[in-house]
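Some notes on the structure that comes next.
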2 protein chains.
Amino acid sequence: MKAKRPPGPVQGPGGRAFTPRDTPQRRAIRKTIEAGARPLTPNEILDSAKSRHRGLGIATVYRNLKSLVEEGWISEVALPNEAPRYERAGKHHHHHFQCSACRRVFELEGCADAISRISAPDGFSVERHELTLFGRCADC
Amino acid sequence: MKAKRPPGPVQGPGGRAFTPRDTPQRRAIRKTIEAGARPLTPNEILDSAKSRHRGLGIATVYRNLKSLVEEGWISEVALPNEAPRYERAGKHHHHHFQCSACRRVFELEGCADAISRISAPDGFSVERHELTLFGRCADC
DNA sequence: ATAGATGCAAAGAGTTTGCATAGGT
DNA sequence: ACCTATGCAAACTCTTTGCATCTAT
């Protein structure tokens, strides 16, 4: 089973660490992400979470996404030329697929280990990589 | 040697195709991109091209980048979580490296062909891929 | 001469921030 | 009770667009 509540703490403005409060808005956002079958944009999260807590504002979504990333409960999925998406963290290393028709993003399984052997020029050190495949999804 | 002038044509507003005029501003932008050792952002292009043609405006840079992409003279380098960069087109398939310290983007050579063998779930078709490596560049 | 190009400023889209108030602990 | 979280609106950043004017052809 999953933890009912993200672990915190996060870094507060004064440099002080604290655990974010468990508000209805934050729960709505967490449930939305957990229920999502694919990485979601802030706007998709807002729309969907609104049905769980009406009156939810976009600023609250952004603020919670930030703290949930900081807590390590979600991670940001960055794609070329696209707004970031968010998904539950803690999965094993994987990459993503974006449908060029519907623009939705899907999770792929695993990672060809050939990638981690790609090297950069002398003096450059590689820390991580991002791979995105593009094409048509099953629906399009 | 390189063509002194991009080939055109591009698609005009009326659906009519035409070749963009060879203005001093456009030449300054092209020379800047050609002289750049790495993919540049619109702002980097503006700053650098200003020294070749003062008074150049950012809107002109955006408009010319768009038509140069359409002509196939440059291509857009899209990176996760980053503003697009632009580089001369026509190079062979390659990927990019971004330094996590200075944020600059560098071109890598070639592509591990293992990547093109990565497959997506049933019903999905892969058309292309983007790979970005992250780490430290030689200067940082 | 004519139609596309430019510079400026205003308009948009997406994200962040300030502030008064609500509410979790 | 205290102090963080929220919602709203304003601020910001990046990019696009409208318009009067300029200019490559």
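All values reported here derive from a predicted model rather than from experimental measurement. Proteins get letters first, then strands, A, B, ... in listed order; numbering begins at 1 in each.
dT16(D) atom P lies 13 Å from atom CD of E70(B), rounded to whole Å. Distance CG (N64(B)) to C1' (dT16(D)): 14 Å, rounded to an integer number of Å. We find that CD of Q11(B) is positioned 18 Å from P of dA3(C), with the value rounded to whole Å. Atom C1' of nucleotide dC22(D) and atom CZ of R26(B) are separated by 17 Å, given to the nearest angstrom. Distance, R30(A) CZ to dA5(D) C1': 15 Å, rounded to whole Å. The interatomic distance linking Y86(B) (OH) with dC14(D) (C1') rounds to 11 Å, in whole Å. Summarising the geometry, the separation between NZ on K50(B) and C1' on dT6(C) is reported as 14 Å, rounded to the nearest angstrom. Atom CD1 in I29(B) sits roughly 11 Å away from atom C1' in dA5(C) (whole-Å rounding).
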Restricting both atoms to N or O, compile the protein contacts to nucleotides 13-17 of chain C shorter than 3.5 Å, with distance only.
unit_1	atom_1	unit_2	atom_2	d
dT15(C)	OP2	Y62(A)	OH	2.0
dT15(C)	O5'	Y62(A)	OH	2.8

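T23(A) pairs by the side chain to side chain contact (heavy atoms under 4.5 Å, CB included) definition with R21(A), Q25(A), R26(A), not counting sequence neighbours.
Note on T60(A): every side-chain N or O is 4.0 Å or more away from OP1 and OP2 of dA5(D). The phosphate of dT23(D) has neither OP1 nor OP2 within less than 4.0 Å of any side-chain N or O from Q25(B). Contact between the side-chain N/O atoms of T23(A) and the OP1/OP2 oxygens of dT6(D) is found at a separation under 4.0 Å. Contact between the side-chain N/O atoms of R16(B) and the OP1/OP2 oxygens of dA3(C) is not found at any separation under 4.0 Å.
Between the CD1 atom of I29(B) and the CG atom of L46(B) there is a distance of 8.5 Å, given to the nearest 0.5 Å.
Counting non-hydrogen atoms under 4.0 angstrom, G55(A) reaches the backbone sugars and phosphates but no base.
Axis angle between the ends of the helix from dA1(C)-dT25(D) to dT25(C)-dA1(D), five pairs each and rounded to 10 degrees, works out to 30°.
What you find for E87(A) and V77(A) is that their closest heavy atoms are CD-CG2, 3.5 Å.
Atom CD of Q11(A) has more than 12 heavy atoms from other residues, nucleotides or ligands within 6.0 Å.
With salt bridges taken as basic N to acidic carboxylate O contacts below 4.0 Å, one links E34(B) and R88(B). Using a 4.0 Å cut-off between a side-chain N of Lys or Arg and a carboxylate O of Asp or Glu, E44(A) and R85(A) do not qualify as a salt bridge.
The salt bridge (charged side-chain N to carboxylate O under 4.0 Å, His left out) pairs that include a residue from residues 119-132 of chain B are R128(B)-E130(B), where partners are two or more places apart or lie in different chains. Sorted pairs that involve residues 14-67 of chain A and meet ring pair (Phe, Tyr, Trp, His ring centres under 6.0 Å), not counting sequence neighbours, are lacking altogether.
Minimum atom distance to the side chain of L56(A) is reached by dG7(D), of the listed dG7(D), dG24(C), dA5(D). For R21(B), the side-chain atoms get nearest to dG4(C) when compared with the rest of dG24(C), dG7(D), dG4(C).
Between H93(A) and H129(A), the ring center distance clears the sub-6.0 Å criterion.
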Determine all donor-acceptor pairs shorter than 3.5 Å in which one atom belongs to a side chain in residues 132-140 of chain A; sequence neighbours excluded.
unit_1	atom_1	unit_2	atom_2	d
D139(A)	OD2	R104(A)	NH2	2.9

